[in-house]
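Position 1 is the first residue of the sequence; numbering continues from there.
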Amino acid sequence: MNEELQMILDDAKEQMQKAIEHLENELAKIRAGRANPMMLDNVMVDYYGNRTHLKHTANINSQDARTLIIQPWEAAMLEPIERAIQAANLGITPQNDGKIIRLSIPPLTEERRKEMVKKVKAEAENCKVAIRNLRRDTNESIKGLLKSGVPEDEVKEGETKAQQLTDSFITQADSHAEKKEKEILTV
């Protein structure tokens with residue numbers, strides 16, 4: 001196989017892997033009824049006038065399956081962290097005891113579980129769209145090789161390999177989504 005063609009396919013594979021990694025990160029942020037520090041990854045705190053990720057201002061640990069403990073590095077950050085959690089609209093009320101903030105994760109209602117499953121499906125669909133867009137770009141690059149003298153049969157073989165890559169990564173995305181759905185619905 002042509003060296004340029006192989007480079008195009010390797011690049012596509014790398015980009016598709018990044019799309020899957022992004023999906024994994026997004027799914028980890030969706031709570032499934034268990035306390036997970038990653039569910040606070042998108043919470044931004046007002047840290048002396050700057051918007052900063054919560055994880056950069058405090059230690060976040062799970063005490064048990066239903067409780068997260070947030071221990072700010074500075075006592076003055078307790079109230080801004082508390083406000084940021086409330087503003088993030090996570091459906092969790094922070095409890096401030098003057099030293100730490102405790103988040104008790106309520107059990108998911110059936111309605112909330114269905115919302116979470118919809119969010120999981122939407123994230124998986126976004127990932128699959130990104131993978132398909134990468135396939136389209138890859139195929140365009142491969143077809144461009146025809147102009148530089150690459151034989152047509154190698155171009156067709158490259159397009160077939162791009163489709164195989166796409167199929168395998170879409171299967172991975174579906175698998176991750178199914179696993180997360182199962183986790184949400186069985187907790």
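- Contacts of Thr67 classified as side-chain hydrogen bond (donor to acceptor under 3.5 Å, both in side chains), with partners at least two apart in sequence or in another chain: Asp64.
- Taking the salt bridge (Lys or Arg N to Asp or Glu O under 4.0 Å) definition, one finds that Lys156 meets it with Glu159, sequence neighbours left out.
- When the shell of 6.0 Å around CE of Met38 is examined, it contains more than 12 heavy atoms from other residues, nucleotides or ligands.
- Side chain of Ser175 to main chain of Thr171: no donor-acceptor pair is present (N/O by atom type, distance under 3.5 Å, no hydrogens or angles).
- In this structure Lys18 satisfies the salt bridge (Lys or Arg N to Asp or Glu O under 4.0 Å) test together with Glu14, sequence neighbours excluded.
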Side chain to side chain contact (heavy atoms under 4.5 Å, CB included) assessment of Lys180 paired with Glu183:
CA-CA 5 Å; Lys180 188 65 175 187; Glu183 187 182 328; 3.7 Å; yes
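- Between Leu9 and Ile142, some side-chain heavy-atom pair lies under the 4.5 Å cut-off.
- The two atoms that bring Leu27 and Ala177 nearest to each other are CD1-N, 4.2 Å, heavy atoms only.
- Counting non-hydrogen atoms of other residues, nucleotides and ligands closer than 6.0 Å to CD of Glu125 gives a total above 12.
- Scored by the side chain to side chain contact (heavy atoms under 4.5 Å, CB included) test, Lys121 finds Val117, Glu181 as partners (sequence neighbours excluded).
- With rounding to the nearest 0.5 Å, the separation of CE in Met77 from CD in Gln71 is 14.0 Å.
- Pairing each heavy atom of Leu78 with each of Pro72, the nearest pair is CD2-CG, 3.5 Å.
- No more than 12 heavy atoms of other residues, nucleotides or ligands sit less than 6.0 Å from atom CD of Glu152.
- Pro37 and Leu68 get closest at one heavy-atom pair: N-CD2, 3.8 Å.
- The two residues Ile85 and Pro94 have their closest heavy-atom pair at CG2-CG, 4.0 Å.
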Donor-acceptor contacts, no H, no angles, side chain residues 127-138, under 3.5 Å, sequence neighbours left out:
residue, atom, partner, partner atom, Å
Lys128, NZ, Asp174, OD1, 2.8
Asn133, OD1, Arg136, NH1, 3.2
Asn133, ND2, Val129, O, 3.4
Arg135, NH1, Gln163, OE1, 3.1
Thr138, OG1, Leu134, O, 2.7

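- Distance CD/Glu4 to CD/Glu154: 11.0 Å, rounded to 0.5 Å.
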Got a list of side-chain donor-acceptor pairs under 3.5 Å for residues 99-111, not counting sequence neighbours?
residue, atom, partner, partner atom, Å
Thr109, OG1, Arg112, N, 3.1

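- Closest of all the heavy-atom pairs between Gln172 and Ile20 is OE1-CG2, 3.7 Å.
- The hydrophobic cluster containing Ile69 does not contain Ile60, counting ILVMFWY residues as joined when their side-chain heavy atoms lie under 4.5 angstrom apart, directly or transitively.
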Donor-acceptor list for residues 39-52 side chains, cut-off 3.5 Å, not counting sequence neighbours:
residue, atom, partner, partner atom, Å
Asn42, OD1, Lys29, NZ, 3.4
Asp46, OD1, Gly49, N, 3.2
Tyr47, OH, Glu74, OE2, 2.7
Tyr48, OH, Glu74, OE1, 2.4
Thr52, OG1, Asn50, O, 3.4

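- With sequence neighbours excluded, the residues satisfying ring-ring contact (aromatic ring centres under 6.0 Å, His included) with His53 are His56.
- Residues that satisfy the side-chain hydrogen bond (donor to acceptor under 3.5 Å, both in side chains) test with Asn59, not counting sequence neighbours, are Trp73.
- Residues passing the side-chain hydrogen bond (donor to acceptor under 3.5 Å, both in side chains) test with Asn61: none are found, sequence neighbours excluded.
- Neither side chain, Asn2 nor Gln6, offers a donor N or O lying under 3.5 Å from an acceptor on the other.
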Go through Val150 and Leu146 one step at a time and tell me if the side chain to side chain contact (heavy atoms under 4.5 Å, CB included) criterion holds.
CA-CA 5 Å; Val150 175; Leu146 275 174; 5.8 Å; no
